[in-house]
Amino acid sequence: MDDITTATRGPGKCSKAGRLTLDFANIFKAFIGTNYLAAAFNFSQSGLVLGAIGMVIIATAAVHCCHLIVTCKKLAIRKILELQDSNNDAALNPTQLKLRKRIERRLSYGDIAWVAAGQMGLALVNFGLVVTQFGFCVGYYIFLGNTLSNFFPLVEETISFPSVTLSPSITHNSTVTPAVTSADNSHVSFSGTTMHSVTKNSSSFDPSLHHSGPASMYYIIVASLIPIFAIFALLRNIRQLGSSSLVANISVLVGYVAVLGFILSDFHVSDSIELYRWATFPIFFGGVTAGYEGIGTIIPIESSMEENRKYYPHLLYAATILFTFVLASLGILGYLHYGDDVQQIVIWNLPVDSVLSYLVNSVICIGILFTFPLQNFPVIDIFEELLFAQGRICGPASVEQVSTNDKKTFDESSPLLNTSGEIQEDKEMAEILEKLPVAAVIPDSVSAWKRNMLRCFIVILQAGVAVIFRNDFAYFMSFVGALGSTTLGYIVPCFTHIRLGGQRLGWPIITKDVAIILLGIVGGAASVYASIVAIINNASI
């Protein structure tokens, strides 16, 4: 995750204003992905007023927990160095001062949780990362497959008769008897079973009409994406993908402005607007929580800020306020305009016969294409460590089987970290750093083909899951948010804060932390249940 931030900052020097702008862009990018495109559908699940209230609560909890995890980082460093006052640099000897600065740059979210709660804390963070990052990648497959198959349908069965008007009410994949009115107003009817997409009197996209069995374009597109994403997955250094984040950021901006322009150009309030929908509100909770996906990258971003670290709280608040505005504006205006007809992804409501719509969809798809490898790297790292690190299932069983180049050596004249991230410092620093679950080094003795096979398998597995949930983008992302994002965003930060701060926090702070933990547990459980029910019901339609 640190490499992601380093890649976006770049090696060159820039002015203070330029560095602040870049730091702000990094924080904003951490939060905004593609889930903002499902905001309007999420509001259709909550109702207008309940959704607005829920968004304020979720946004407040999310930004507070982002700030909290940085506070936990300071507490963790104090615990590592066994200091009474982590802000008193005068009390530090030269070795401790040097060590503290190095740890500030290298400490990860998992490290902080490990210091607070041991293996359980680290396991919670890894679980949340795998669920969210794996789920986001599956969501990208679903989005690309449905969006591209809409513009390049494999089979389109158009029913037309001279001087005849078809009733627009046709149920997919079921026996139907549509009414047909001829030019002389005589009534004609026919029966049949529709197995392919049927042209209706509508210019917007209904994904439920665009999968036609195993031979549909959706499956072909998903399959064609596998080798592209597999090539990205074979890259060992994420810095090689630094420029891709710029493309992704531009696509997000273009997509937001264009979609908002489409909505406002012919804006009217739908008749199907509701203010409260308690039954499906948990789906809103999971979907919006998944939208605030930046918690996993906050620590490396804060670590990279160096001289601007004191401005971090202000930049964080500004970025989250801007993101909340993007989410709320697109969600509220999209729901007001389309009502119950809003699609799971709002761009699927855009007219398919518009050149501008083609361009908007193309730009967003390109952005997602380049975002995928960045999201997939944490999943790959975690599974490689589980399988190939020393003592793991497919890794060397003992120290003797690890090559000399793989071992961490300590030399009093060497720097704390070498270019590979290995610890090489004096014994006092080494003893302290051994307290941390340093990212495992994959031994050179592990064959490259084994690692490549695992990476390709992960990409194929994500595609397989996308095939299963091809019509359930919003519900699936709600499930991911309820299970993974609540863990990373609400539960772990507050639990870690309580563990590291202890009684010194005071009962009001502890009560607040417990309340947010309960919000994550109860809200997440309800959202998981509601999402599963919605997926099952949607599959039976």
Side-chain angles (χ1 to χ4, degrees), residues 33-47 50-51 54-55 58 128 130-147 149-150 172-173 204-211 218 222 272 274 277-293 327 330-331 334-335 338-349 368 375 461-487 489 520 522-541:
T34 57
N35 287 315
Y36 77 100
L37 293 172
F41 180 83
N42 289 331
F43 267 90
S44 73
Q45 302 299 296
S46 66
L50 186 59
M55 178 158 288
I58 292 172
V130 169
V131 171
T132 53
Q133 305 306 119
F134 188 94
F136 294 153
C137 291
V138 172
Y140 295 158
Y141 267 115
I142 298 173
F143 175 85
L144 291 171
N146 279 315
T147 302
S149 64
N150 176 46
H172 166 69
N173 200 26
S204 63
F205 172 43
D206 183 352
S208 66
L209 296 178
H210 285 267
H211 62 279
Y218 176 88
V222 169
S272 59
E274 292 190 21
R277 282 182 174 170
W278 290 101
T280 52
F281 177 75
I283 295 176
F284 170 91
F285 179 85
V288 174
T289 299
Y292 287 88
E293 58 190 70
L327 207 62
L330 198 59
Y335 177 52
Y338 296 112
D340 286 342
D341 293 328
V342 67
Q343 299 291 334
Q344 295 183 35
I345 291 291
V346 71
I347 63 172
W348 294 346
N349 282 99
I368 293 175
Q375 296 284 7
L461 181 61
Q462 290 163 342
V465 177
V467 168
I468 297 174
F469 298 103
R470 63 189 183 277
N471 296 320
D472 304 302
F473 177 87
Y475 302 131
F476 180 79
M477 296 311 298
S478 177
F479 175 84
V480 170
L483 196 61
S485 299
T486 55
T487 302
V522 176
S527 186
V528 165
Y529 174 78
S531 300
I532 293 174
V533 171
I535 290 172
I536 294 174
N537 291 339
N538 197 40
S540 62
I541 296 177

side-chain contact (heavy atoms from CB on, under 4.5 Å) involving S44 - partner list, sequence neighbours excluded: F41, R277, Y335, V342
Shortest non-hydrogen contact from N42 toward I283: OD1-O, 4.3 Å
Shortest non-hydrogen contact between F136 and S485, atoms and distance: CZ-OG, 4.3 Å
Closest non-hydrogen atom pair, S46 against F281: CB-CD1, 3.7 Å
Counterpart residues, side-chain contact (heavy atoms from CB on, under 4.5 Å), relative to V528 (two or more places apart): F479, A482, L483, I532
Residues which pass side chain to side chain donor-acceptor pair (under 3.5 Å) with S527, listed by chain and number, not counting sequence neighbours: S478
Side chains of T487 and V131 in contact at under 4.5 Å (non-hydrogen atoms): no
Beyond-backbone contact of Y218 with I142, side-chain heavy atoms, under 4.5 angstrom: yes
D340 backbone acceptor or donor facing S272 side chain under 3.5 Å: yes
Q462 to V138 - nearest heavy-atom pair and separation: O-CG2, 3.7 Å
Interatomic spacing from CG in N35 to CZ in F143 - rounded to 0.5 Å: 11.0 Å
F469: partners by ring-ring contact (aromatic ring centres under 6.0 Å, His included), with sequence neighbours left out: F476
Beyond-backbone contact of W348 with N146, side-chain heavy atoms, under 4.5 angstrom: yes
Partner set under side chain to side chain donor-acceptor pair (under 3.5 Å) for Q45, not counting sequence neighbours: none
Qualifying residues under side chain to side chain donor-acceptor pair (under 3.5 Å), relative to D341, sequence neighbours excluded: none
Interatomic distance, L330 atom CG to L37 atom CG [nearest 0.5 angstrom]: 6.5 Å
Rounded distance (nearest 0.5 Å) linking atom CD1 of I368 with atom OH of Y140: 7.0 Å
Closest approach of V346 to A40 (non-hydrogen atoms, all atoms of both residues): CG2-CB, 4.3 Å
Spacing of CD1 belonging to I345 relative to CE belonging to M477, to within rounding of 0.5 Å: 8.5 Å
Considering all heavy atoms, the nearest D472-Q344 contact: C-OE1, 3.4 Å
Rounded distance (nearest 0.5 Å) linking atom OH of Y36 with atom OH of Y292: 15.0 Å
